[in-house]
There are 2 protein chains.
Amino acid sequence: MALIPTASSPKQLRCSQCSLVKLCLPVGLNDEDMMQLESIIETSKIYKQNESVYRAGDPFHHVYAVKSGMFQTVAIDANGDSQIVGFHLPGELFGLDAIYPGHYTSTPVAVSSSIACSIDFKELSTLATQMPSLQHQLLTLMSKEMHASHVNMGDHSADQKIAGFILSLSARYKQRGYSANQFQLLMSRKDIANHLGMAPETVSRLLKRLINEDVLDINQSDITIKNMKYLQDTVGH
Amino acid sequence: MALIPTASSPKQLRCSQCSLVKLCLPVGLNDEDMMQLESIIETSKIYKQNESVYRAGDPFHHVYAVKSGMFQTVAIDANGDSQIVGFHLPGELFGLDAIYPGHYTSTPVAVSSSIACSIDFKELSTLATQMPSLQHQLLTLMSKEMHASHVNMGDHSADQKIAGFILSLSARYKQRGYSANQFQLLMSRKDIANHLGMAPETVSRLLKRLINEDVLDINQSDITIKNMKYLQDTVGH
DNA sequence: ACGATAAGTTGATATAGATCAACATCTCAA
DNA sequence: TTGAGATGTTGATCTATATCAACTTATCGT
């Protein structure tokens, strides 16, 4: 009888079997190293929509790799205002910004039903000292996130922010082997607005304008980019 | 006769002698490890005001540690608009966002006459695999930068951005052993405005308002914070 | 399938901050 | 020391986007 993973705990912790092996932490590892990495992945758990992985304020012990779906990291400030810091796609890590303060500063919430792999950071960094490729990939993933946030700083107008946001998702989906021109906008308009620092009404209006100008096509959460160049010209990079 | 370093090339490459040993890369290293780190620091060069360390587009080989003064990293987009991505204080690194793309994406310019240490990244990462503490500090410094940019995302209004900017400098100077309440605003108003994504006129007006409300005192580049709590309440974190 | 609740859209209005313009002050080279 | 260009300030106006409000459409539990 075959071993069937349960819904709440898919025991497939084999990076080597995972489709994200070319994007996630294992990039550049040989088979033996990958087995060692697999051995420190503690769980690979399904999170239901709106379920959170940990809470802002919790002590930092693990970093997480998105296996499927999407997580958004939400920070709450002293006034109780929430800020969606980022959206995390399969193959991306979250929790790394907690290394420095030693506790998490945002709460990752599953945007749709999603799977994340949990990795003890102490074990990960120990392993990284033994595996130059793993260390390099960890640094690369962090550099990538720094780089992305620097690029976004240049987007000042609401149009630039929206265009930049769509282009970023497009590029990241493309990297993951999906279409760059057609994908799901899984998060709500309200959350897009919050993340970009604008009103939901503005998101709605600007998306409508892009649809009218034949730049985009949107059916509920399904988005098609019909004029990529227009978006690129809008952001100017 | 004592060995006197020349102005253009201060040959003091000893981290152990550097006042930033508690903040910069050497944090947590023992004497022997520190000597090894010292051995891969290639130069510690003085940059005149407005002089740049490298150019955006150059291939990535080195990361830099600020030894004294201040550097600002400037990115130019396709439309020729420049964006000041960050200001770097002594003990901070720059160039790390280039690991991922493999080439620099911004140009670091000395805000005032400044010194930076140049470190070959390949050698640094090799060393980091041999020294868990060095690897940890490298990851910590990157995490710190990610964390800071996430915190800044919450600042939406111009007041919040200015307050957040001043508080960030204050905290960083304090960490470096300087007063949290009094320091030099070395960069120009125009550059502050550019960095924060607002008009220089707005910076001028808001700073004036903060002076009138007895929150700040400013004499040319010298700034005194008279009401830290007001600034903290403004940003709300 | 139905109604309740949330999410999204559209329009009208208000406002924070950009832009334009004039002036003031600083910096520094001759 | 002067004066020219850069930097900063102040005021008047304009505009992008927030806010408020009403409505429509989707979602989901029963």
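Labels below follow one simple rule: chain letters A, B, ... track the order of the sequence lines, proteins then strands, and each chain is numbered from 1. Just so we're clear, the structure is a prediction, and the values are computed from it rather than from any experiment.
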Q: Using a cut-off of 4.0 Å on non-hydrogen atoms, how would the nucleic acid contact of A:Asp159 be classed: base, sugar-phosphate, or nothing?
A: sugar-phosphate
Q: Which whole-number value in Å describes the distance from B:Leu186 CG to D:dG8 P?
A: 12 Å
Q: Between B:Glu92 and B:Arg172, does at least one N-O distance fall below 4.0 Å, as a salt bridge requires?
A: yes
Q: Can you check whether A:Gly57's main-chain N or O pairs, donor with acceptor, with A:His103's side chain at less than 3.5 Å?
A: no
Q: Within the structure provided, determine whether A:Asp217 and A:Ile223 are in side-chain contact (heavy-atom separation under 4.5 Å).
A: no
Q: Pick base, sugar-phosphate or nothing for B:Ala199, based on heavy-atom distances below 4.0 Å to the nucleic acid.
A: base
Q: Measure from the side-chain N and O atoms of B:Ser170 to the backbone N and O of B:Ala180, and report whether any donor-acceptor pair falls under 3.5 Å.
A: yes
Q: Say whether, by atom type as modelled, one donor and one acceptor occur between the side chain of A:Glu42 and the main chain of A:Ile119 under 3.5 angstrom.
A: no
Q: How bent is the helix from C:dA1-D:dT30 to C:dA30-D:dT1, comparing axes over its five end pairs at each side, to the nearest 10°?
A: 50°
Q: Polar pairs (N or O, both sides) under 3.5 Å between protein and nucleotides 9-14 of chain C?
A:
{"unit_1": "C:dT9", "atom_1": "OP1", "unit_2": "A:Arg189", "atom_2": "NH1", "d": "3.1"}
{"unit_1": "C:dT9", "atom_1": "OP2", "unit_2": "A:Arg189", "atom_2": "NH1", "d": "3.3"}
{"unit_1": "C:dT9", "atom_1": "OP2", "unit_2": "A:Ser204", "atom_2": "OG", "d": "2.9"}
{"unit_1": "C:dT9", "atom_1": "O5'", "unit_2": "A:Ser204", "atom_2": "OG", "d": "3.0"}
{"unit_1": "C:dT10", "atom_1": "OP1", "unit_2": "A:Lys208", "atom_2": "NZ", "d": "3.3"}
{"unit_1": "C:dT10", "atom_1": "OP2", "unit_2": "A:Lys208", "atom_2": "NZ", "d": "3.4"}
{"unit_1": "C:dG11", "atom_1": "N7", "unit_2": "A:Arg205", "atom_2": "NH1", "d": "2.8"}
{"unit_1": "C:dG11", "atom_1": "O6", "unit_2": "A:Arg205", "atom_2": "NH2", "d": "3.4"}

Q: Atom CG of A:Leu185 to atom P of C:dG8: distance rounded to whole Å?
A: 10 Å
Q: If I take atom NE2 in residue B:His156 and atom C1' in nucleotide D:dA16, what distance separates them, rounded to the nearest angstrom?
A: 17 Å
Q: Taking the six-membered ring for Trp, are A:Tyr178 and A:Phe183 closer than 6.0 Å centroid to centroid?
A: no
Q: Provide, to the nearest angstrom, the distance between the CD atom belonging to B:Gln160 and the P atom belonging to C:dG17.
A: 9 Å
Q: Mind calculating the distance between CG (B:Asp222) and P (C:dC26) to the nearest angstrom?
A: 14 Å
Q: Rounded to whole Å, please give me the gap between CG in B:Leu210 and P in D:dT9.
A: 13 Å
Q: Quickly work out the A:Ile218 CD1 to D:dT25 C1' distance and round it to whole Å.
A: 15 Å
Q: Do B:Leu231 and B:Val215 make a side-chain contact, defined as non-hydrogen atoms from C-beta onward lying under 4.5 Å apart?
A: yes
Q: Starting at CZ of B:Arg209 and ending at C1' of D:dT10, how long is that distance when rounded to a whole Å?
A: 16 Å
Q: So does A:Leu186 get a backbone contact from the side chain of A:Ser221, meaning a donor-acceptor N/O pair under 3.5 Å?
A: no
Q: Given the ring of B:Tyr47, does B:Lys45 sit roughly above its face, with NZ or CZ under 6.0 Å from the centre of the six-membered ring and within 45° of the axis?
A: yes
Q: Extract from the structure each pairing of a protein N or O with an N or O of nucleotides 27-30 of chain D at less than 3.5 Å, listing the distance.
A:
none

Q: Are the charged groups of B:Lys208 and B:Glu213 less than 4.0 angstrom apart, N to O?
A: no
Q: Below 6.0 angstrom between ring centroids: does that apply to B:Tyr64 and B:Tyr54?
A: yes
